[in-house]
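Okay, so here's the structure we're looking at.
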Amino acid sequence: MTILDPIDRIPPAIAAGSDDDKDDGGDGGPDTGVVIKTRPKVKKPSMYKVLMLNDDYTPMEFVVHVLERVFGKNGDDATRIMLHVHQKGVGVCGVYTYEVAETKVTQTMDMARKNQHPLQCTLEKE
């Protein structure tokens, strides 16, 4: 079966209305069809929370610095998150797609290691 999409691509014999364009069920006449354009269904990506874990050794100032540099938080938000982590043991630094969350966790861990701090960061599906 031939599917013709744009109208200007119809063969001249069919466009001119010749007797060959009659399809009476299997006499060898041309098959025609309707083109249906389907749109793929786009699904929103899953979101992931980046969690920072408290420890007894990483300085609070360093945690605030990481929150500002890696997560783009302003000073007040970074301090608020740091205090939450300090008091509750864990805190959400942000919510991102998987790839972005994974990158931020890696950046945080690298920054902590380079500065010899045991700071831990992980991600969790929202």
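Every heavy atom of this structure was used, including side-chain atoms; hydrogens, water molecules and symmetry mates were not.
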Could you report the tightest heavy-atom contact between [X] and [Y], atom names first, then the distance?
X	Y	answer
A101	Y48	CB-CB, 4.0 Å
E68	A78	CG-CB, 3.9 Å
T108	M52	CG2-CE, 4.2 Å

Find the distance between [atom1] ([X]) and [atom2] ([Y]) and round it off to the nearest 0.5 Å.
X	Y	atom1	atom2	value
L67	C93	CG	SG	5.0 Å
H86	D55	NE2	CG	10.5 Å
N54	M82	CG	CE	10.0 Å
L83	M60	CG	CE	6.5 Å

Under 3.5 Å, which donor-acceptor pairs link side chains of residues 117-126 to any protein atom two or more places apart or in another chain?
residue: H117; atom: NE2; partner: N115; partner atom: O; Å: 3.3
residue: E124; atom: OE2; partner: K49; partner atom: NZ; Å: 3.2

List the residues meeting ring-ring contact (aromatic ring centres under 6.0 Å, His included) with F71, not counting sequence neighbours, and say none if there are none.
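Checked F71 against ring-ring contact (aromatic ring centres under 6.0 Å, His included); zero matches.
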
Can you tell me if CZ on R113 sees more than 12 non-hydrogen neighbours from other groups inside 6.0 Å?
yes

For V90, which fellow cluster members are found when Ile, Leu, Val, Met, Phe, Trp and Tyr are connected by side-chain heavy-atom distances below 4.5 angstrom, either directly or through intermediates?
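V90 clusters with M47, L51, L53, V92, V95.
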
With a 4.0 Å cut-off on N to O distance, would you call R80 and D77 a salt bridge?
yes

Could you check if a side-chain atom of K114 sits within less than 4.5 angstrom of a side-chain atom of M111, using non-hydrogen atoms only?
no

